Amino acid sequence: MDSEISISLDIDQPLDCASTLESGQAFRWRRRGDWYYGVVIDDLVALKQDGSRLEVRSSSSRPDQLESTLRDYFRLDDDLDAIYSCIDTDPRMHDAIAAYRGLRILRQDPWECLVGFICSANSNIPRISASMVAIAQSYGQPLQLDDYVDHSFPTPQKLAEAGESALRELKLGFRAKYVARAAERVAQGEVKLEPLRHLPYQEAKEVLTSLPGVGDKVADCVLLFSLDKLDACPIDRWVRRAMEEWYLDGAKLNYKDIRIWSLRKWGGYAGYAQQYLFHHKRLEGKVQG
DNA sequence: CCACGGCCTGATTC
DNA sequence: AGAATCAGGCCGT
């Protein structure tokens, strides 16, 4: 039986845990008071940020690796100040960075990330979260940390076995077919996600878009949020609006041309730039800031 | 290459 | 109230 452990990390990088975990890149974190509960590499962890210190509690099966696991998950090796200096080149981006300083791109598990963004099609964040939680509850392994229970994310094999109709019962709608078929292909080994990390952007993207339910946007999300492609630049409705309104004087560009434009403006950190624009635009009109 | 409609579902808007 | 519309798209025509 795993025993609960508690550690404290000194963070020497800008980190805004709340913005990072609530910026729509990961869908299964839940806030309880000051603590965020979630699953990282099959370990249930609770996080509380106190300035430059991150308090961590976990029922970890590998306590000696917990710190490195979290440093990896939050990409603490990214030099955020260096990244800011590359992309902070106009007033809009400057405002976004000022507002959400410490918002980081995560390095998530590619399989869970893929399913999450397949589920994102024509949906919204609360609903995507509900779908992902339902999938984990139904097919994952239970994990417990004091009185809190969550689940590991089920393997491709498990979801392939579950099948489309069972996933439809979890309210995935038309996305159930995509998730089931993608699970089959990954489970069969026809597509291997982890090695995509070491391929160039374009090659990795072609593999991902060969999966059902994965187009340009979903592929870019998976590449950025789980496969180390910081130049991947997912353009969703929000980012498109932000771009057209703030940078393109209302002009309409197709997906590929927006990518080209973004790479020219923000270079290899276009993905980070995109995340700040997304967050800024999405929260622009919200009462709750 | 672009345009369009359909697709599950639930919340919000009209 | 009940009908449209919208929500971090994808796919087929």
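Being a predicted model, the structure only gives us computed values, none of them experimental. Here is how names work: the chains are called A, B, and so on, in the same order as the sequence lines, proteins then strands, and each is numbered from 1.
Residue A:P234 is out of contact with every strand shown, counting any heavy-atom pair closer than 4.0 Å. Among the heavy atoms of the strands lying under 4.0 Å from A:V214 are primed sugar atoms or P, OP1, OP2 only; no base atom is included. Among the protein residues, A:T209 comes within range of no part of the nucleic acid, since none of its heavy atoms lies under 4.0 Å from any strand. Backbone-only contact: A:G215 has heavy atoms under 4.0 Å from sugar-phosphate atoms and none from a base. Residue contacts shown for A:I235 are absent, as no nucleic acid heavy atom lies under 4.0 Å away. A:K171 comes within 4.0 angstrom of sugar-phosphate atoms only, judged by non-hydrogen atoms across all strands, and of no base.
Between the CG atom of A:L211 and the P atom of C:dG9 there is a distance of 19 Å, rounded to whole Å. One interatomic measurement links the two molecules: CD of A:E169 to P of B:dC8, which rounds to 15 Å at whole-angstrom precision. In this structure, A:D257 places its CG atom 9 Å from P of B:dC1, rounding to the nearest Å. The distance between atom CZ of A:F174 and atom P of B:dC8, rounded to the nearest whole Å, is 8 Å. Rounded to whole angstrom, the span from the CG atom of A:L253 across to the C1' atom of B:dC1 amounts to 14 Å. Residue A:Y255 contributes atom OH, which lies 8 Å from atom P of C:dC10 at whole-angstrom precision.
Within the structure, a side-chain polar atom (N or O) of A:R168 is placed less than 4.0 Å from OP1 or OP2 of B:dC8. The phosphate of C:dA7 has OP1 or OP2 within less than 4.0 Å of a side-chain N or O from A:R241.
The C1' atoms of C:dT5 and B:dG5 are separated by 15 Å, rounded to the nearest whole Å. Across the C1' atoms, B:dG6 and C:dC6 are found 15 Å apart, a figure rounded to whole Å. Rounded to whole Å, the P atom of B:dC7 lies 16 Å from the corresponding atom of C:dA4. Separating the C1' atom of C:dA1 from that of B:dC8 is a span of 24 Å, rounded to the nearest Å. Using atom P as the reference point in both B:dC4 and C:dG8, the two lie 22 Å apart (nearest Å).
Taking only side-chain atoms of A:N254, from C-beta outward, the nucleotide of C:dC11, C:dA7, B:dC1 with the closest atom is B:dC1. Candidate nucleotides B:dT9, C:dA7, C:dC11 were compared by shortest atom distance to the side chain of A:R127, and B:dT9 ranks first.
Side-chain atoms of A:K217 come within donor-acceptor range of the base of C:dG8, with a qualifying N/O pair under 3.5 Å. On a pure distance criterion of 3.5 Å, a polar donor-acceptor pair joins the side chain of A:R175 and the base of B:dC8. Donor-acceptor pairing under 3.5 Å, judged by distance alone, is absent between the side chain of A:R237 and the base of C:dC6.
Nearest-nucleotide positions on DNA chain C for A:Q274 and A:G213 put A:Q274 closer to the 5' end.
A salt bridge does not link A:R241 with A:D236: none of the charged nitrogens is closer than 4.0 Å to a carboxylate oxygen. Salt-bridge annotation for A:D216 and A:R259: absent, with no side-chain N of the basic residue lying under 4.0 Å from a carboxylate O of the acidic one. In summary, A:E164 and A:K177 do not engage in a salt bridge, as defined by a charged side-chain N under 4.0 Å from a carboxylate O. A salt bridge links A:R32 with A:D147: at least one charged nitrogen is closer than 4.0 Å to a carboxylate oxygen.
Across the strands present, B:dC8 finds no partner; the criterion is a Watson-Crick or G-U wobble pair with both atom distances under 3.5 angstrom. Pairing for C:dG8 is absent, judged as Watson-Crick or G-U wobble with the two contacts each under 3.5 Å.
Using bins of under 30°, 30° to 60° and over 60° for the plane-to-plane angle, the ring pair A:W266/A:W261 lands in the perpendicular bin.
Aromatic pair A:Y269/A:Y276: centroids not less than 6.0 angstrom apart.
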